[in-house]
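Shown next, in structure tokens, is the structure this report addresses.
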Number of protein chains: 2
Amino acid sequence: MKQETTKDRIAEAAKQLFYERGFEATSFADIASEVGISRGNFYYHFRTKDEILEAVIARRKNETCSMLADWQAEGSDPVERITCFIHILIANQSKITLFGCPVGTLVSELTKLGHGAQDQATSIFLLFRGWLCRQFEELGCGERSNGLAMHLLARSQGVATLAQAFKDPDFINFEVEQMQSWLQSNLPEQL
Amino acid sequence: MKQETTKDRIAEAAKQLFYERGFEATSFADIASEVGISRGNFYYHFRTKDEILEAVIARRKNETCSMLADWQAEGSDPVERITCFIHILIANQSKITLFGCPVGTLVSELTKLGHGAQDQATSIFLLFRGWLCRQFEELGCGERSNGLAMHLLARSQGVATLAQAFKDPDFINFEVEQMQSWLQSNLPEQL
DNA sequence: CAATATCTAGGACGGTTGACCTAAACCTTC
DNA sequence: GAAGGTTTAGGTCAACCGTCCTAGATATTG
């Protein structure tokens with residue numbers, strides 16, 4: 001692995017700030033001061049704000065890919081793997097309570113801004129959807145697989161939105177349990 | 001009823017624009033040109049942007065209140081009333097596909113901005129939650145009522161978020177059906 | 001050490017924003 | 001139709017935005 005470049009540090013800081021404050025509300029100056037560099041230097045690495053956004057989305061996509069690959073390796077059972085997905089909500093509980101889902105809120109903002117990068121952001125959702133779909137197929141859910149994947153994705157989004165709105169991390173625990181029992185009761189072949 | 005004042009027209013236009021483009025991304029000039037008045041006149045009616053935001057939220061709260069009251073009047077059966085709630089998703093299908101849920105996206109943006117009006121916006125969610133909770137209580141769900149209300153609210157939010165992300169209005173129909181069958185299978189006393 | 005490529009700092013630019021002010025136009029009600 | 005409050009139009013302001021430029025610092029290589 002290469003050493004962490006300044007460009008990486010900028011992208012990482014931007015990722016965090018876009019998540020916490022939103023894309024539009026985050027200025028060059030905000031990111032620069034967060035990284036501890038001047039705005040001019042900043043401009044050397046990224047010429048436009050859209051370039052930063054692209055880098056941030058690419059970063060999130062890479063992280064998602066490797067996370068999904070990890071889960072694929074860990075659990076031999078698709079049910080276990082899907083459980084891994086459900087548990088992101090708990091792993092990121094406090095951040096979600098403060099800022100919602102990083103992907104969902106970004107997609108929503110970009111859509112409202114009419115920003116061209118909306119599709120790129122949505123493609124992160126597509127990664128999850130495709131991966132989940134494959135898990136359900138492996139479980140023998142057949143044609144229903146894609147619908148089940150979307151359903152699970154939607155449930156997660158709803159939980160994140162309400163947890164943020166009501167500033168209630170416990171709601172996440174509550175709903176995660178329900179999602180897991182839903183998963184058990186939706187398998188095609190019961191024991 | 002009083003005649004529609006300029007102040008009302010401004011608030012209505014702001015409500016629409018805040019929904020479609022977001023609060024931060026909407027400027028005074030945008031609203032003024034939408035209403036067809038000058039920025040100066042605009043400032044006469046609302047001194048600050050926060051004042052407009054308050055008016056917009058108050059407007060949404062009033063609309064929500066009267067909508068809930070209407071549902072209370074129409075359906076004598078709590079199940080029918082809850083069905084009314086679920087069907088907002090279909091009634092606003094195309095707008096939701098374009099801009100998401102007006103309440104959810106606003107709350108999320110205000111939270112990220114650290115805006116003081118976040119609680120006011122969340123109180124719209126509270127109206128729905130309280131009303132739904134009362135319906136479930138009337139159905140005899142007892143202590144579970146609040147959890148069921150939150151669950152339904154979360155489901156709706158998730159559906160709105162994904163429908164917007166994937167620009168897929170049909171997903172709304174698909175999930176609405178599921179929510180209705182969920183409702184039927186969660187009643188305390190089956191026939 | 002010299003030469004070159006890479007990185008950094010900080011200032012300057014047009015443009016837009018929310019906010020504010022003043023003067024004119026529009027109603028009332030005597 | 002005069003007086004006085006209400007509404008409107010449009011200009012001004014400082015602050016900030018994304019963008020761009022240049023000169024100096026630092027690192028790399030011959």
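Just the heavy atoms: all of them, side chains too, but no hydrogens, waters or symmetry mates, feed the values below. Proteins get letters first, then strands, A, B, ... in listed order; numbering begins at 1 in each.
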message: Can you tell me if A:E51 has over 12 outside heavy atoms packed within less than 6.0 Å of its CD?
response: yes
task: Looking only at side-chain atoms of A:S38, point me to the closest of C:dA19, C:dC7, C:dG10.
output: C:dG10
task: Measure from the side chain of B:K49, starting at C-beta and using heavy atoms only, and say which of C:dT8, D:dT7, C:dG18 lies closest.
output: C:dG18
Write down the distance between [atom1] ([X]) and [atom2] ([N]), rounded to a whole number of angstrom.
{"X": "A:L53", "N": "D:dG18", "atom1": "CG", "atom2": "P", "result": "13 Å"}
{"X": "B:D50", "N": "C:dT17", "atom1": "CG", "atom2": "C1'", "result": "14 Å"}
{"X": "A:F46", "N": "D:dC17", "atom1": "CZ", "atom2": "P", "result": "19 Å"}
{"X": "B:L17", "N": "C:dG18", "atom1": "CG", "atom2": "P", "result": "12 Å"}
{"X": "A:I52", "N": "D:dT19", "atom1": "CD1", "atom2": "C1'", "result": "11 Å"}
{"X": "B:I37", "N": "C:dA25", "atom1": "CD1", "atom2": "P", "result": "19 Å"}
{"X": "B:R47", "N": "C:dT17", "atom1": "CZ", "atom2": "C1'", "result": "19 Å"}
{"X": "A:F18", "N": "D:dG18", "atom1": "CZ", "atom2": "C1'", "result": "12 Å"}

Does a side-chain N or O from [X] land closer than 4.0 Å to OP1 or OP2 of [N], or not?
{"X": "A:T6", "N": "C:dT8", "answer": "yes"}
{"X": "A:N41", "N": "C:dA9", "answer": "yes"}
{"X": "B:H45", "N": "D:dT8", "answer": "yes"}
{"X": "A:S27", "N": "D:dC17", "answer": "yes"}

message: Any salt bridge linking A:R134 with A:E137? Criterion: basic side-chain nitrogen under 4.0 Å from a carboxylate oxygen.
response: no
message: Any salt bridge linking A:K15 with A:D8? Criterion: basic side-chain nitrogen under 4.0 Å from a carboxylate oxygen.
response: no
message: Would B:K112 and A:F99 count as a cation-pi pair here, with the cationic atom under 6.0 angstrom from the ring centre and within 45° of the axis?
response: no
message: Please tell me whether B:Q164 and A:Q118 have a donor and an acceptor in their side chains that are separated by less than 3.5 angstrom.
response: no
message: Using a 4.0 Å heavy-atom cut-off, does A:F28 contact any base of the nucleic acid, only the sugar-phosphate backbone, or nothing at all?
response: base
- request: Using a heavy-atom cut-off of under 4.0 Å over every strand shown, decide if A:Y43 touches base, sugar-phosphate, or nothing.
  value: base
message: Pick the closest DNA chain D nucleotide for A:E24 and for B:Y44 by heavy atoms, then say which residue is nearer the 5' end.
response: B:Y44
